[in-house]
2 protein chains.
Amino acid sequence: MEDTERLPAWCPGEGWCSITATASLVGKKWHPVIIHRLLSEGALGFNALQEEVDGISSKVLSESLDDLEEKRIVSRTIVSEKPVRVEYALTDLGESLEPVVMSLAEWGEQHLDPVEEKASSVV
Amino acid sequence: MEDTERLPAWCPGEGWCSITATASLVGKKWHPVIIHRLLSEGALGFNALQEEVDGISSKVLSESLDDLEEKRIVSRTIVSEKPVRVEYALTDLGESLEPVVMSLAEWGEQHLDPVEEKASSVV
DNA sequence: CGGTATCCTCATTGATACTG
DNA sequence: CAGTATCAATGAGGATACCG
């Protein structure tokens with residue numbers, strides 16, 4: 001009804017709500033990995049991508065890719081019909097995420113030790 | 001044993017692994033909200049914080065705060081014993097997250113519409 | 001090669017209620 | 001005011017197998 005209030009109450013409307021939106025995008029466990037891989041490797045096929053991302057299962061990769069595609073971060077192009085060959089690449093929007101990813105990386109490097117100080121695993 | 005390989009395989013060791021670490025920190029649904037609120041409001045009490053964050057339950061807020069505290073992002077200070085009054089504030093580390101949060105916000109503002117183009121809710 | 005379909009498990013969230 | 005306890009619901013993630 002009141003379309004003046006389409007934002008969550010805790011989103012004062014100063015645009016900061018996008019933090020959550022962006023965070024939920026970049027924070028999805030495998031998304032940053034995928035984006036980073038695509039950022040540094042360029043277009044990759046499904047399996048190649050799976051290799052790059054290591055432990056991810058095809059199901060999860062597929063889902064992630066779907067999500068990323070829906071959000072216009074990556075594009076899916078069929079480069080060969082037979083045998084089927086597809087290429088996933090970042091869209092302009094996806095590439096525009098570089099600074100964000102860089103920002104995360106930079107902070108992590110400066111403030112989080114590579115060795116991880118989660119401390120909880122040391123007991 | 002081999003401390004040369006303490007990083008996940010998909011973490012080439014070029015420091016980008018921190019992306020994931022940072023993302024998992026900032027990407028935790030309520031964390032960015034809490035951090036932002038603290039960033040703009042300064043120290044806040046538990047309930048005040050809950051008000052600010054809107055729909056969060058005390059349980060989840062409590063857990064988030066625990067997590068954030070453990071990660072040295074926020075500090076918890078008892079400012080009054082009776083009645084009990086506590087203040088949550090960002091640590092230096094927490095404040096150092098500002099650029100990261102800004103980066104997320106900025107990207108979201110520029111590339112994500114405030115109106116959300118998730119498109120799936122429109123059917 | 002590029003995916004889907006199942007099934008299962010665990011982490012996270014949320015609502016409600018209750019305590020010091 | 002500042003939390004914790006409980007319990008139910010959801011959903012992301014993972015292993016495996018199978019299909020075009």
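Proteins get letters first, then strands, A, B, ... in listed order; numbering begins at 1 in each.
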Rounded off to whole Å, could you give me the CD-to-C1' distance for the E81(A) and dC1(C) pair?
->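 Distance, rounded to whole Å: 13 Å.
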Please name all residues satisfying side-chain contact (heavy atoms from CB on, under 4.5 Å) with A48(A), sequence neighbours left out, ordered by chain then number.
->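 Partners of A48(A) under the side-chain contact (heavy atoms from CB on, under 4.5 Å) test: L44(A).
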Would you be so kind as to tabulate the donor-acceptor pairs closer than 3.5 Å made by side chains of residues 59-66 of chain B, with sequence neighbours excluded?
residue	atom	partner	partner atom	Å
S64(B)	OG	V60(B)	O	2.7

Take the protein atom CG of L65(A) and the nucleotide atom C1' of dG2(C), then report the distance between them rounded to whole Å.
->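 Computing the L65(A):CG to dG2(C):C1' distance gives 11 Å.
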Using the test side chain to side chain donor-acceptor pair (under 3.5 Å), find all partners of R85(A) that sit at least two apart in sequence or belong to another chain.
->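 Not a single residue meets the side chain to side chain donor-acceptor pair (under 3.5 Å) criterion with R85(A).
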Atom-to-atom span, CD of E87(A) to P of dG3(C) - whole angstrom |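 The answer, rounded to whole Å, is 12 Å.
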Residues in salt bridge (Lys or Arg N to Asp or Glu O under 4.0 Å) contact with E98(A), at least two apart in sequence or another chain =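 E98(A) satisfies salt bridge (Lys or Arg N to Asp or Glu O under 4.0 Å) with no residue once adjacent residues are dropped.
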End-to-end bend of the helix from dC1(C)-dG20(D) to dG20(C)-dC1(D) (five-pair axes, 10° rounding)?
->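 Inter-axis angle at the ends, rounded: 50°.
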Rounded to the Å, how far apart are N47(A) CG and dC1(C) C1'?
->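 Distance, rounded to whole Å: 6 Å.
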Let me know the distance between CD of E51(B) and C1' of dA2(D), rounded to the nearest Å.
->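 Distance check: E51(B) CD to dA2(D) C1' gives 13 Å.
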By side chain to side chain donor-acceptor pair (under 3.5 Å) - contacts of R72(B) (at least two apart) |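 Side chain to side chain donor-acceptor pair (under 3.5 Å) check on R72(B) returns nothing, list empty.
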Is any side-chain nitrogen or oxygen of Y88(B) closer than 4.0 Å to OP1 or OP2 of dC1(D)?
->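 For dC1(D), OP1/OP2 do not have a side-chain N/O of Y88(B) under 4.0 Å.
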Roughly how many Å is it from CG in L68(A) to C1' in dA12(D), rounded to a whole number?
->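 It is 15 Å, rounded to the nearest whole Å.
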Between R76(A) and dG2(C), is there a side-chain N or O to OP1/OP2 distance below 4.0 Å?
->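 R76(A) to dG2(C) OP1/OP2: no side-chain N or O under 4.0 Å.
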In chain order, what residues pass the side-chain contact (heavy atoms from CB on, under 4.5 Å) check against N47(A), with sequence neighbours excluded?
->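 Listed in chain order: Q50(A).
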What pairs meet the ring-ring contact (aromatic ring centres under 6.0 Å, His included) rule with one or both residues in residues 56-110 of chain A, with sequence neighbours excluded?
->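 For residues 56-110 of chain A, and leaving out neighbouring residues, the ring-ring contact (aromatic ring centres under 6.0 Å, His included) pairs sorted by first residue read W107(A)-H111(A).
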When the distance from CG of L61(B) to P of dA2(D) is rounded to whole Å, what number comes out?
->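 These atoms are roughly 10 Å apart.
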May I have the distance from H31(A) (atom NE2) to dA12(D) (atom C1'), rounded to whole angstrom?
->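 To the nearest whole Å, that distance equals 10 Å.
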Restricting to nitrogen or oxygen on both sides, can you table the protein-nucleotides 13-20 of chain D pairs closer than 3.5 Å?
residue	atom	partner	partner atom	Å
dG13(D)	N7	K59(A)	NZ	3.3
dG13(D)	O6	K59(A)	NZ	3.4
dG14(D)	OP2	W30(A)	NE1	2.9
dG14(D)	N7	K59(A)	NZ	3.4
dG14(D)	O6	K59(A)	NZ	2.3

